[in-house]
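Heads up, the thing below is written out as structure tokens.
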Amino acid sequence: MIETHAHIYDEQFEPDRTQMLERALATGIKQIWMPNCNHETIDGMLALEQQYPGLCVPMMGVHPCYIKEDYEQELNITEQWLARRKFAMIGEIGIDFYWDLSFVPQQEEAFIAQLRLAQKYSLPICIHSRNSKNGDLNAIVRCIELIEQFGWSDLRGIFHCFSGNLEEARRVVSLNFLLGIGGVATFKNGGIDKVLPHIGLEHLVLETDSPYLAPVPHRGKRNEVAYLALVAQRIAELKQLSYNEVVHQTTANAMNLIERIKPEP
Ligand SMILES: [Zn+2]
């Protein structure tokens, strides 16, 4: 299995990170993709890559919740890292209408700037899209619009922690993007149970978003990579497929996404 989104560098794993990773390996995890947040998370993320080469795979980018007054400096740091070495993806990037609306124009500007970086370095993107609390502002639709306006048809990526409706899922699929499915799929009123039966397995990848959004029966507690199996199990139930089919196809989907990247000449 490939875990496509986990913040395993988070301080919540400080006490037992080695054991946490051993539990993940024991469930058949082959790779853990690590989304970056801002300049403060880079060192911890790259230290894990060095400690577990081939297992812990870093992304590079600025998370929309970390777009503040100093966002241009954050973007510069991201750009410098991308120029210096290879990353699997640009991420996580996108729009967050949930926590703070005061930097929305900057969030959009940063998202577009990072789409440009994706094009420049031929990298897929990992999208964070969270709607406003009352649901009036739809971040999934806004990200789709910005991607369409950007107009690079080879752009690929994942709508991480997808929690939209069926129409939004179909728009994501028609953009040739994947839906990142995590613990929300196990929640009683998560809504994804109504979407997944109608979306082909070839459009899905697995994620936990650890340490957040733990699946049932761990809901509300710290999430960890080993719980990815619970997500795969839930998708198998919803789509009436075998667990192995879900694991096999979602792994292939994830590998295809990052193997599109051509090695630099
Ligand atoms: Zn994340």
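This one's a predicted model, so the numbers in the text were calculated from it and none came from an experiment. Both counts, for ligands and for their atoms, begin at 1 and track the order of listing.
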Practice task
Would you mind naming the N, O or S atom of Glu92 nearest to the Zn ion (ligand 1)?
Solution key: OE2
Handout entry: Residue pair Glu109 / Tyr71, side-chain donor-acceptor N/O under 3.5 Å
Key = yes
Practice task
Give a yes or no on whether a salt bridge exists between Asp16 and Arg222, defined as a side-chain N under 4.0 angstrom from a carboxylate O.
Solution key: yes
Completion exercise
Exactly one of Leu257, Asn36, Leu123 clears side-chain contact (heavy atoms from CB on, under 4.5 Å) with Met89, and that residue is Leu257
Practice task
Evaluate the ring pair (Phe, Tyr, Trp, His ring centres under 6.0 Å) criterion for residues Phe162 and His160: first the C-alpha distance (whole Å), next the side-chain angles of each, then the deciding distance (0.1 Å), finally the verdict.
Solution key: CA-CA 5 Å; Phe162 181 81; His160 131 69; over 10 Å; no
Problem - Backbone or side-chain N/O/S of His5 under 2.8 Å of the Zn ion (ligand 1) - result: yes
Problem - Residue His7, metal the Zn ion (ligand 1), N/O/S under 2.8 Å - result: yes
